[in-house]
> 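Quick one: structure below, then a few questions.
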Protein chains: 2
Amino acid sequence: MSVQKNIAYQPDHDHNRCINSALQQAHDLCKANGQRLTRIRELVLKLVWQSHKPMGAYDLLPAIAEAGFNSAPPTVYRALEFLQEQGLVHRLASLNAFIGCTHPGHNHQGHFLICSICGTAAELESNAISQSINDCAEQAGFTVEQQNVEILGRCPNCLQTDDTH
Amino acid sequence: MSVQKNIAYQPDHDHNRCINSALQQAHDLCKANGQRLTRIRELVLKLVWQSHKPMGAYDLLPAIAEAGFNSAPPTVYRALEFLQEQGLVHRLASLNAFIGCTHPGHNHQGHFLICSICGTAAELESNAISQSINDCAEQAGFTVEQQNVEILGRCPNCLQTDDTH
DNA sequence: ATCTGCAAGTTATAGTATAACGTTGCTTGA
DNA sequence: TCAAGCAACGTTATACTATAACTTGCAGAT
């Protein structure tokens, strides 16, 4: 069977491209929506994108301080709230952490594979999952507003290296 | 189209039956597994089952105090941890809250419909959702350990009463 | 009777998030 | 240009959620 690897699972990918692409998309999207991507907001987005592992809000504060900004919690939470509203970052409730959205602008849901070993989170774009959820909700007479799907398990890399059987 | 109402969406159902059934099942399951359902654990389970709305850990403390127990946070968190391990309650990460499991003992996942109006949470047992998630994960080379699906939206009752269109 | 080990009590603190109010700085219209 | 209005950010304080670490109590086994 062929396995389609998510970019997050390619250890040697050029991550600068991920970051730059995310920042560019954010600029474009904010401009299109008449929103201001201020320096702090851009910085927070960049920091969230430092890796494919979700970052806690408090993990971001030191870097914000180093960049010369106030680094009290409300600063980072405000920026994160804005970025969430714009669909640029997602919050992973099961981790109390945030991760950059890999395809902002699309009308999509929050579906994630989270590796319990390395912590990497990969966003999914599966119509099959969305559809099965919508169908099931409809059967129950329930109208869906937001799907939060957080799947915990082992990513391909950690299955390979840490095969404890 | 016929809509199959979840028990949680039937406002006039005999909720004592829900509670008693949950407690009976808990007794049986703990006995079968050689686990002790102590008075505090049983009390916490009962309190969680007071309604079909998820309860925060700190919401339970006053009632625990009234029952004559110590009511410091570790007490309730320990009980909740035990109940989770036994599959008797689920934690809803998006709400930081806990809800009784409607079918303990089954090998099942945590799939919930959460009403954004009334707060009621209904547990799903959908093979279709599980299957689509497993398929999608497998395609990515990911091995699933735990599924957390929390769907936010409007329950049938709140759609009826609060039709804001 | 004593030992052992799990459960619960107790105190303290870590970790996550927001309220409330003040200040700054942009923009927009007279 | 200037003042008014507004959004973003600074700042302080605090609320809410969860766990660490140590002590005490209790039940079953030897």
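Residue numbers start from 1 in every chain, and the chains themselves are labelled A, B, ... in the order their sequence lines are given, proteins ahead of strands.
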> Please report, to 0.1 Å, the donor-acceptor pairs under 3.5 Å made by any side chain of residues 83-96 of chain B, with sequence neighbours excluded.
from: H90(B); atom 1: NE2; to: H108(B); atom 2: NE2; distance (Å): 3.2
from: H90(B); atom 1: NE2; to: E123(B); atom 2: OE2; distance (Å): 3.1
from: R91(B); atom 1: NH2; to: N96(B); atom 2: OD1; distance (Å): 3.0
from: S94(B); atom 1: OG; to: E150(B); atom 2: OE1; distance (Å): 2.4

> Ignoring hydrogens and angles, does a donor from either the side chain of R78(B) or the base of dT10(C) sit under 3.5 Å from an acceptor on the other?
yes
> Side chain of F69(B) only, please: which of dA8(D), dG9(C), dT18(C) is the nearest?
dG9(C)
> Between I133(A) and F112(B), is there shared hydrophobic-cluster membership here, with clusters defined by ILVMFWY side-chain heavy atoms closer than 4.5 Å?
no
> Once you round it to whole Å, what is the distance between P of dC9(D) and CG of L83(A)?
10 Å
> Just call it for N70(B): base, sugar-phosphate, or nothing, with non-hydrogen atoms closer than 4.0 Å on any strand.
base
> Quiz question: by atom type and distance under 3.5 Å, do the side chains of E138(B) and N134(B) form a donor-acceptor pair?
no
> Within this structure, what is the CZ-to-P distance between R39(A) and dT24(C), rounded to whole angstrom?
17 Å
> What is the distance from CG of L80(A) to C1' of dA8(D), rounded to the nearest Å?
15 Å
> Take the protein atom CG of L60(B) and the nucleotide atom C1' of dC16(D), then report the distance between them rounded to whole Å.
14 Å
> For Y58(B), which contact category applies under a 4.0 Å heavy-atom criterion: base, sugar-phosphate, or nothing?
base
> Starting the side chain at C-beta, find the nucleotide from dA7(C), dA17(C), dC9(D) nearest to I40(A).
dC9(D)
> Specify the residue among G68(B) and L95(A) whose closest nucleotide of DNA chain C lies further upstream toward the 5′ end.
G68(B)
> Of the options dT12(D), dA8(C), dA17(C), whose atoms approach the side-chain atoms of R41(B) most closely?
dA8(C)
> Using a cut-off of strictly less than 4.0 Å, decide whether N96(A) has a side-chain nitrogen or oxygen near OP1 or OP2 of dA17(C).
yes
> Show me the side-chain donor-acceptor pairs of residues 29-45 of chain A shorter than 3.5 Å, one per line, residues at least two apart or across chains.
from: T38(A); atom 1: OG1; to: R41(A); atom 2: N; distance (Å): 3.4
from: R41(A); atom 1: NH1; to: R36(A); atom 2: O; distance (Å): 2.6
from: E42(A); atom 1: OE2; to: H27(A); atom 2: NE2; distance (Å): 3.2

> Grab the CD-P distance between E81(B) and dT17(D) for me, whole Å please.
18 Å
> Under 30°, 30 to 60°, or over 60°: which ring-plane class applies to F142(A) and Y9(B), parallel, tilted or perpendicular?
parallel
> F98(B) CZ to dC16(D) C1': how many Å, rounded?
13 Å
> Report yes if at least one side-chain N or O of Y77(B) is closer than 4.0 Å to OP1 or OP2 of dT19(D); otherwise report no.
no
> Looking at T75(A), I'd like to know whether one of its side-chain N or O atoms comes within less than 4.0 Å of OP1 or OP2 on dC9(D).
no
> Rounding to a whole Å, what distance do you find between L92(A):CG and dA17(C):P?
11 Å
> Base, sugar-phosphate alone, or nothing: which one does R91(B) contact when heavy atoms must sit under 4.0 Å apart?
sugar-phosphate
> For L37(A) and dC26(C), what is the distance between atoms CG and C1' respectively, to the nearest whole Å?
17 Å
